[in-house]
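What follows is a set of notes on a single structure, which appears directly below.
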Amino acid sequence: TMAGGQGTRLGHPGPKGTYIFDVEKNKSIFETLCETLKDAWRKYDTVIPWYLMTSRENNEQTIEFFEKNRNFGYQKDKNLFFFIQGELPMVDTEGKILVGENGLIKEAADGHGGIFNSMVKGNVVSELDKAGVKWVFTCGVDNPLVNMVDPYLLGLAITKNCKLATRSLVKTS
């Protein structure tokens, strides 16, 4: 789960995944996503390892949030893992590199496109390989209704011998 963003646009003062998505049940986006994984755990009798890509800005807060909520039933370091996404130099609208007051080049998270490099640098790929994991599903924390364990998408990818499968919806408005 790509969860490096802050909840600024939501008017939320913390990591986006800590935003209370289900107000009636007081559930955060992270808890809602975790319930999807736990449903699959029960249905398929296997624990799906959950890797969360955080950012330098929100990593500590995200981990603290999970610990405060007892990891929503997932065991950290056994089937719940955190890794930090990479960063790139910041540039202004004219392409000039931004320098901070300290004289150092300003950097910001490299976004969704950096997930694969971050997975390699964070040893995620080697851990998945050791565990025999053959397929990885990636999603943004922005989509709390996503089905992270979709047997139809996976089955289609396997049947058609695809290295990559994706699904998208066209916006109607």
Side-chain angles (χ1 to χ4, degrees), residues 1-23 25-41 46-91 97-98 100 102 104-131 133-150 164 166-168:
T1 303
M2 296 175 281
Q6 294 292 99
T8 311
R9 286 180 292 197
L10 297 169
H12 179 64
K16 197 180 295 182
T18 65
Y19 180 76
I20 301 300
F21 165 71
D22 186 337
V23 181
K25 297 178 183 172
N26 198 34
K27 286 185 187 173
S28 67
I29 294 174
F30 282 137
E31 184 175 4
T32 304
L33 290 172
C34 190
E35 284 181 352
T36 302
L37 292 173
K38 290 193 298 190
D39 287 346
W41 180 352
T46 189
V47 180
I48 310 293
W50 191 15
Y51 288 80
L52 290 108
M53 183 176 76
T54 62
S55 63
R56 178 179 42 85
E57 292 86 13
N58 79 4
N59 184 64
E60 192 174 305
Q61 281 182 291
T62 300
I63 291 171
E64 286 173 3
F65 183 78
F66 270 82
E67 288 171 352
K68 177 182 159 197
N69 289 283
R70 291 187 234 111
N71 298 321
F72 304 108
Y74 258 63
Q75 291 180 323
K76 191 173 178 205
D77 300 327
K78 185 171 181 188
N79 48 36
L80 175 65
F81 308 92
F82 299 91
F83 66 102
I84 299 174
Q85 70 188 106
E87 293 185 324
L88 292 171
M90 293 175 70
V91 295
I97 293 176
L98 299 175
N102 58 4
L104 299 175
I105 294 173
K106 285 185 166 186
E107 292 187 325
D110 59 6
H112 294 171
I115 188 171
F116 302 109
N117 281 336
S118 297
M119 288 175 71
V120 170
K121 288 179 183 175
N123 293 319
V124 173
V125 173
S126 61
E127 289 172 14
L128 293 172
D129 192 39
K130 283 181 202 169
V133 173
K134 294 180 182 175
W135 293 91
V136 174
F137 179 83
T138 63
C139 65
V141 74
D142 315 77
N143 187 356
L145 300 179
V146 68
N147 180 6
M148 292 194 285
V149 184
D150 183 345
L164 174 80
T166 186
R167 177 182 15 196
S168 63

Residue among Tyr19, Tyr74, Phe21, Phe66 satisfying ring-ring contact (aromatic ring centres under 6.0 Å, His included) with Phe30: Phe66

Asn26 side chain reached by Ile20 side chain, heavy atoms, under 4.5 Å: yes

Residue pair Asn102 / Leu104: nearest heavy atoms and the distance that separates them: OD1-N, 3.0 Å

Met2 side chain reached by Gln85 side chain, heavy atoms, under 4.5 Å: no

Spacing of Thr32 atom OG1 and Asn143 atom CG [to the nearest 0.5 Å]: 11.0 Å

Check: Gly86 main-chain N/O paired with Ser118 side-chain donor or acceptor under 3.5 Å: yes

Side chain to side chain contact (heavy atoms under 4.5 Å, CB included) between Tyr51 and Leu128, intermediate numbers included: CA-CA 10 Å; Tyr51 288 80; Leu128 293 172; 3.5 Å; yes

Gly73 backbone acceptor or donor facing Asn71 side chain under 3.5 Å: no

Residues, nucleotides or ligands: over 12 heavy atoms within 6.0 Å of Lys106 NZ: no

Separation between CG of Asn147 and SG of Cys139, rounded to the nearest 0.5 Å: 10.0 Å

Spacing of Met148 atom CE and Leu33 atom CG [to the nearest 0.5 Å]: 4.5 Å

Thr62 vs Phe82 side-chain heavy atoms within contact, under 4.5 Å: yes

Over all atoms of both residues, closest heavy-atom pair of Gln61 and Gly14: NE2-CA, 4.3 Å

Worked check of side chain to side chain contact (heavy atoms under 4.5 Å, CB included) between Asp22 and Glu31: CA-CA 10 Å; Asp22 186 337; Glu31 184 175 4; over 6 Å; no

Side-chain touch Gln6/Pro15, heavy atoms, less than 4.5 angstrom: yes

Aromatic centroids of Trp50 and Phe72 separated by under 6.0 Å: no

Non-hydrogen side-chain atoms of Arg9 and Lys16 separated by less than 4.5 Å: yes

Distance in Å, Thr18 OG1 paired with His12 NE2, rounded so as to fall on 0.5 Å steps: 2.5 Å

Basic-acidic side-chain contact under 4.0 Å: Lys27, Glu35: yes

Short side-chain to backbone donor-acceptor contact, Asn69 and Phe65, under 3.5 Å: yes

Atom pair CG/CD1 of Leu52 and Ile84 - distance to nearest 0.5 Å: 12.5 Å

Side-chain (Asn79) to main-chain (Gln75) donor-acceptor, under 3.5 angstrom: yes

Candidate pair Val124 and Met53, rule side chain to side chain contact (heavy atoms under 4.5 Å, CB included), full reasoning: CA-CA 10 Å; Val124 173; Met53 183 176 76; over 6 Å; no

Nearest-0.5 Å distance, CG of residue Asp39 to CD1 of residue Ile48: 11.5 Å

Check: Ser55/Glu57 side-chain N/O donor and acceptor closer than 3.5 Å: yes

Side chain Asn58, main chain Ala3, donor-acceptor under 3.5 Å: yes

